[in-house]
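Below, each value reflects all heavy atoms present in this structure, side chains not excepted, and no hydrogens, waters or symmetry copies. Chain A is the first sequence line, chain B the second, and so forth, proteins listed ahead of strands; every chain is numbered from 1.
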2 protein chains.
Amino acid sequence: MIVTIDPSSFEPVYLQLARILRDAIEAGEFGPGEKLPSETRLCQQYELGRDAVRDALQVLRSEGAIVTVKGAGSFVRGQSAPEVVRLPENARVTSRMPTADERRSLGVGEGVPVFVVTVGETARVYPADRTVLETSGG
Amino acid sequence: MIVTIDPSSFEPVYLQLARILRDAIEAGEFGPGEKLPSETRLCQQYELGRDAVRDALQVLRSEGAIVTVKGAGSFVRGQSAPEVVRLPENARVTSRMPTADERRSLGVGEGVPVFVVTVGETARVYPADRTVLETSGG
DNA sequence: CCCCATTTGTCCGTATGTATC
DNA sequence: CGATACATACGGACAAATGGG
């Protein structure tokens, strides 16, 4: 099936493209680790300017759906095997986006939140793409 | 103290500006709900093009630090009073970024992750900016 | 090792639409 | 209504990283 962009739609073209690519990824047309078409290719294929294409990819990055490497391309983010963390009693859990510094120190890409697990006055931070929290089982 | 942009630095100017604004927010120079200078003003003040300023604001949005309203400006995101959710036993907790559709239905802005709490085969989604998860206390 | 084509990153400019005030 | 402000979208240019030869 061929999906096209409608420049006269109320939906911005960059969101249309983001939706098209997101659906294609979810449908398995691009598997984990697979490379998406280049920005230039997407510009030609959908008859869009580079801004629209880049904005669409930015949307997918901030959703954690793809990872972009300079000089190489954009790739579907494969889900890594998560570490299971057992939550102790009296633990408080929040989640937020890391700052750029935290992303570097934790080694996580864009669009990946972090868990903050606080027990007493001790807080630990976990990358949410590699962590599953579990409560104790009955 | 006056902080300036160094166009000859290896650090991209838009990241320099993002860092300057982030530090200013954390230092309390812009309180919760307060409006940042307009994009045009930032362009003049730091002698940058519009892209650089917009990219810097995009960084802060995806970190959940600010909220931008069309026609009005960008505002420091105030932390809302969180709802405390008690985690049951045998619960699994993950966190990820919502898609654009999920953001609309949950009423959350950019840069806000969601909790996914799964018990058995039932999954519930909570906005992470208004939710704190707690394990049972001993 | 260098060369080169490809690809993304950064930065600028302009224009138009739309929402807020 | 006008002025301000952000959103979208096009274009060009050069820098920097990658990967193949």
Side-chain angles (χ1 to χ4, degrees), chain A residues 4-21 30 33-77 100 103-104 109-111, chain B residues 4-21 30 33-77 100 103-104 109-111:
Chain A
T4 56
I5 303 281
D6 175 15
S8 67
S9 166
F10 293 112
E11 187 182 18
V13 293
Y14 79 96
L15 289 180
Q16 292 183 51
L17 178 56
R19 182 170 44 75
I20 289 172
L21 294 176
F30 299 102
E34 195 168 341
K35 183 177 174 302
L36 298 184
S38 74
E39 294 178 354
T40 308
R41 186 77 189 86
L42 291 172
C43 289
Q44 299 166 342
Q45 188 166 346
Y46 294 96
E47 298 180 326
L48 297 175
R50 195 170 177 213
D51 269 17
V53 169
R54 286 183 60 79
D55 286 350
L57 295 177
Q58 174 59 46
V59 168
L60 298 181
R61 273 195 296 273
S62 56
E63 290 175 359
I66 66 171
V67 174
T68 300
V69 180
K70 181 202 281 194
S74 292
F75 304 84
V76 176
R77 196 163 68 103
R103 284 218 316 273
R104 272 192 294 278
E110 257 186 272
Chain B
T4 55
I5 302 280
D6 175 15
S8 68
S9 166
F10 292 112
E11 185 182 18
V13 293
Y14 80 97
L15 289 180
Q16 292 183 51
L17 179 57
R19 182 170 44 75
I20 289 171
L21 294 175
F30 299 102
E34 195 168 340
K35 183 177 175 300
L36 298 183
S38 73
E39 294 180 353
T40 309
R41 185 81 190 85
L42 291 172
C43 290
Q44 299 165 343
Q45 188 166 348
Y46 294 96
E47 297 180 328
L48 297 175
R50 183 127 192 251
D51 268 18
V53 169
R54 287 181 62 77
D55 287 350
L57 295 177
Q58 174 60 46
V59 167
L60 298 180
R61 273 195 296 272
S62 54
E63 289 175 0
I66 65 171
V67 174
T68 300
V69 180
K70 183 199 287 192
S74 292
F75 304 84
V76 176
R77 195 162 68 101
R103 284 217 316 274
R104 272 192 294 279
E110 258 187 273

Minimum heavy-atom separation for B:Phe75 to B:Gly73, with atom names? CE1-O, 3.2 Å
Should B:Ile20 and B:Tyr46 be marked as a side-chain contact (heavy atoms from CB on, under 4.5 Å) after you check the CA-CA gap, both sets of side-chain angles, and the distance that decides it? CA-CA 11 Å; B:Ile20 289 171; B:Tyr46 294 96; 3.7 Å; yes
Residue pair A:Ser9 / A:Glu11: nearest heavy atoms and the distance that separates them: OG-N, 2.9 Å
Option from B:Asp55, B:Val53, B:Ile5, B:Leu48 for which side-chain contact (heavy atoms from CB on, under 4.5 Å) with B:Tyr14 holds: B:Asp55
Closest non-hydrogen contact found for B:Ser74 with B:Leu57 is OG-CD1, 4.0 Å
Please find the earliest and latest nucleotides of DNA chain C, in the 5' to 3' direction, that have an atom within less than 4.0 Å of any heavy atom of chain B. C:dT10 to C:dT20
Restricting to non-hydrogen atoms, name the atom on A:Thr4 and the atom on A:Gln16 that form the minimum distance, rounded to 0.1 Å. O-OE1, 4.4 Å
How many angstroms lie between CG in A:Leu15 and CZ in A:Arg19, if you round to the nearest 0.5 Å? 9.0 Å
Using whole Å, report how far CD1 of A:Ile5 lies from C1' of D:dC10. 15 Å
Of A:Asp51 and B:Asp55, the one whose closest nucleotide on DNA chain C sits nearer the 5' end is B:Asp55
Looking only at atom types and distance, does a side-chain atom of A:Arg61 sit under 3.5 Å from a main-chain N or O of A:Glu110, one as donor and one as acceptor? no
Using side-chain contact (heavy atoms from CB on, under 4.5 Å), reason through A:Ile66 and A:Phe30 one step at a time and then give a plain yes or no. CA-CA 11 Å; A:Ile66 66 171; A:Phe30 299 102; over 6 Å; no
Has A:Gln45 got more than 12 heavy atoms of other residues, nucleotides or ligands less than 6.0 Å from its CD? yes
Could you pull out the protein-nucleic contacts involving nucleotides 14-21 of chain D (nitrogen or oxygen on both sides, under 3.5 Å)?
none

Would you mind reading off the distance between B:Gln58 atom CD and D:dC6 atom C1', rounded to a whole angstrom? 13 Å
State, to 0.1 Å, how close B:Leu60 and B:Ala18 come at their nearest heavy-atom pair, and which atoms those are. CD2-O, 3.8 Å
May I have the distance from A:Arg54 (atom CZ) to D:dC10 (atom C1'), rounded to whole angstrom? 15 Å
Within this structure, what is the CG-to-P distance between A:Leu15 and D:dA7, rounded to whole angstrom? 12 Å
In whole Å, what is the span from the CD atom of A:Glu11 to the P atom of D:dA9? 10 Å
Does anything in residues 37-49 of chain B come within less than 4.0 Å of DNA chain C? Heavy atoms only, and list the residues if so. B:Leu48, B:Gly49
